[in-house]
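What follows is one structure encoded as structure tokens, with my remarks underneath.
Note: hydrogens, waters and symmetry copies are ignored here, and every other heavy atom, side chains too, is used.
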Amino acid sequence: MNSTQVEYDTIIPNNVNLSSDKKVLKALEKWHPGYIDWWKDLGPVGFQDMLVYLRTAINVDKDGWATFDYVKMPEYRWGILLAPKKEGRTIPFGDHKGEPVWQEVPGEYRSMLRRLIVIQGDTEPASIEQQRFLGRTAPSLYDMRNLFQVNVEEGRHLWAMVYLLQKYFGSDGREEANQLLKRQSGSQDAPRMLGAFNESTPDWLSFFMFTAFTDRDGKMQLEALAQSGFDPLSRTCRFMLTEEAHHMFVGENGVRRVIKKTCEMMIKAEISDPYDINKIRKLGVIDLPTIQKKINLHYSLSLDLFGSEISTNAANTYTAGIKGRFWETKIKDDHILKNDTYPILEYSDGKILKKQASALLSLNMRLRDDYTKDTAVSIKRWNRTIENFEINFEMKLPFEGFNRKIGTFMNANISPLGELLTDEIWDKETNNFLPSKDDNVFIESLMKPVSEPGKYADWISPPDLSIDNKPGDFEYVKIHDS
Ligand code: BYC
């Protein structure tokens, strides 16, 4: 069988020839019931028996890789799909640059690789756990379906990492796969591994922000792992990126629709001052300054996911040929980086200093800079929407040192504009920088479910386009007659 052919009649659809890989098939079949139990316990609450119009990956060809149909989520076909092998591929960076890629785990890099796969795997179920209650307050069936689409695909991404652990890491891989179902987002005793994945996602604006900002970290990390010299990881991540694009679309477009509705209502009510917050909130929409505070929160949480600006872990994984840079093969340099530098900011003795650091040690910073550039495109689109209404307000990404818990800025009080603040001013201003309790209570007060096909909650505009060319009143989730 070649790598584009998918076995679709097995319990686990796959293009890795599982039917003749009995040991791994058995391990995955053993893991499957625990996964389904986890999905039912900690996946979307209240909608497990309903038919949802979902996209399912059935192929790894660029065209026609997915089908759309009504599915009950626990019956979704979570498959193991790797992008096709590139014949003759060589390791693109690090000490092994130019050598043929590895089809098996190199012994010396085993624990390094396993750690990265486990961290990646841990984020997938975490995000599903974080979003589990949102179905109840969906602003439309269209949005509800998008939430569930994102959820089932994050579930598939967990399967992808579990496959790698079980196929290539023996008994400790199997143990790690079990642990992925045991840690839980926000748990005191066994939290998820990375900070942002233990935060709550209490409302739909948070969901859109999460998918706009945190899923984009996912994109950058997957792009970096897709460069890996360990070919099965590279191929797995390449295919995951196909699905990831939709998740960011859901986020970016969701935020844009919220902004659009706010602007429309302001114009209708002849309110020109975006800071006339009480008046704007009385219209039942979310004022632009509060949306900016949400951006400040989710962007800063997502920056923490890149690790410290200076990281020996990052240098080691690069030198080993395990984790590359964003679009590594398109970069014109030696791909070894031992003699190169990279500009970074450092917080030291109460000052922010510009420095040239070792390019190898600053790889997290470089990936983060690429992320910021990528994210700026969303901000531009959101601002274009505001400009169209001729409202005098501009969304901005906060300064990189604002609200950080990881890296050089972790103990600094820095405003979104980059000003260093005393503890006293920071405490006084926090509610102007980040969503306050009142802001969150107001947003939550808007979260009333709308489940009539084609109808949308009053705080969000309908989308410009439907899913799979369906008509505007299509019943994306059959919540009434499943
Ligand atoms: N929270 O050398 P450092 C996605 C730890 S999102 C807690 O600076 P390194 C998705 C670090 O583990 C993408 N701990 O970090 C999105 C280390 O601990 P140990 C997920 C943190 O290793 C939406 C110590 O601090 N994938 O897919 O260079 C929905 C020193 O760290 C954090 C990946 O991230 C943190 N934020 O870089 C669904 C890719 N940051 O080992 C899915 C795989 C650092 O000393 N992971 N620490 O005990 C990696 O590439 C790297 O591990 C990291 C950290 C970029 C995360």
(message) Check this for me, if you would: do Lys72 and Asp49 make a salt bridge, where the nitrogen-to-carboxylate-oxygen distance has to be below 4.0 angstrom?
(response) no

(message) Less than 4.0 angstrom from a charged side-chain N to a carboxylate O is my criterion; do Asp172 and Arg114 meet it?
(response) yes

(request) Find out whether Ile12 and Tyr163 are in side-chain contact, i.e. whether some heavy atom of one side chain is under 4.5 Å from a heavy atom of the other. (result) no

(request) Please determine if Asp304 and Lys405 form a salt bridge, counting it only when a charged side-chain N lies under 4.0 Å from a carboxylate O. (result) no

(request) Please check if atom CD in Gln103 has more than 12 non-hydrogen atoms from other residues, nucleotides or ligands closer than 6.0 Å. (result) yes

(request) Go through Glu153 and Arg55 one step at a time and tell me if the salt bridge (charged side-chain N to carboxylate O under 4.0 Å, His left out) criterion holds. (result) CA-CA 9 Å; Glu153 285 176 350; Arg55 168 177 90 172; 2.8 Å; yes

(request) Verify the ring-centre separation between Trp102 and His96: is it less than 6.0 angstrom? (result) yes

(message) When you compare the side chains of Asp217 and Thr214, does any donor N or O come within less than 3.5 Å of an acceptor on the partner?
(response) no

(message) Under 6.0 Å between ring centres: does that hold for Phe230 and Tyr168?
(response) yes

(message) Nearest 0.5 Å, please: how far is CZ in Phe210 from OG in Ser206?
(response) 10.5 Å

(message) For a quick check under 3.5 Å, do Gln221 and Lys323 share a side-chain donor-acceptor pair by atom type?
(response) yes

(message) Any donor-acceptor pair under 3.5 Å linking the side-chain atoms of Asn296 with those of Gln292?
(response) yes

(message) What verdict does the salt bridge (charged side-chain N to carboxylate O under 4.0 Å, His left out) test give for Arg216 and Asp374, after you've listed the backbone C-alpha separation in whole Å, the side-chain angles of each residue and the deciding distance to 0.1 Å?
(response) CA-CA 8 Å; Arg216 196 174 295 280; Asp374 217 50; 2.8 Å; yes

(message) Once you measure the plane-to-plane angle for Tyr76 and Trp78, does it fall in the parallel (<30°), tilted (30-60°) or perpendicular (>60°) bin?
(response) perpendicular

(message) Salt bridge or not between Glu328 and Arg325? Use side-chain N to carboxylate O under 4.0 Å.
(response) yes

(request) Ignoring hydrogens and angles, tell me if any N or O in the side chain of Asp143 forms a donor-acceptor pair with the backbone of Ala138 under 3.5 Å. (result) no

(request) State whether Lys373 and Asp370 are salt-bridged, where the test is any N-O pair (Lys NZ or Arg NE/NH1/NH2 against Asp/Glu carboxylate O) under 4.0 Å. (result) yes

(message) Side chains of Asp369 and Tyr342: any donor to acceptor distance under 3.5 Å?
(response) yes

(request) Determine, for Arg192 against Glu129, whether the closest basic-nitrogen to carboxylate-oxygen distance falls under 4.0 angstrom. (result) yes

(request) Decide whether a cation-pi geometry holds between Lys293 and Phe433; the criteria are a distance under 6.0 Å from NZ or CZ to the six-membered ring centre and an angle within 45° of the ring axis. (result) no

(request) Dump the intermediate steps for salt bridge (charged side-chain N to carboxylate O under 4.0 Å, His left out) on Lys182 and Asp189, then the final yes or no. (result) CA-CA 10 Å; Lys182 297 224 168 88; Asp189 307 331; over 6 Å; no

(message) Tell me if the centroids of the rings in Trp31 and Trp159 come within less than 6.0 Å of each other.
(response) yes

(request) Check the pair Tyr299 / Phe402 against ring pair (Phe, Tyr, Trp, His ring centres under 6.0 Å), numbers first and verdict last. (result) CA-CA 10 Å; Tyr299 177 69; Phe402 168 74; 9.3 Å; no

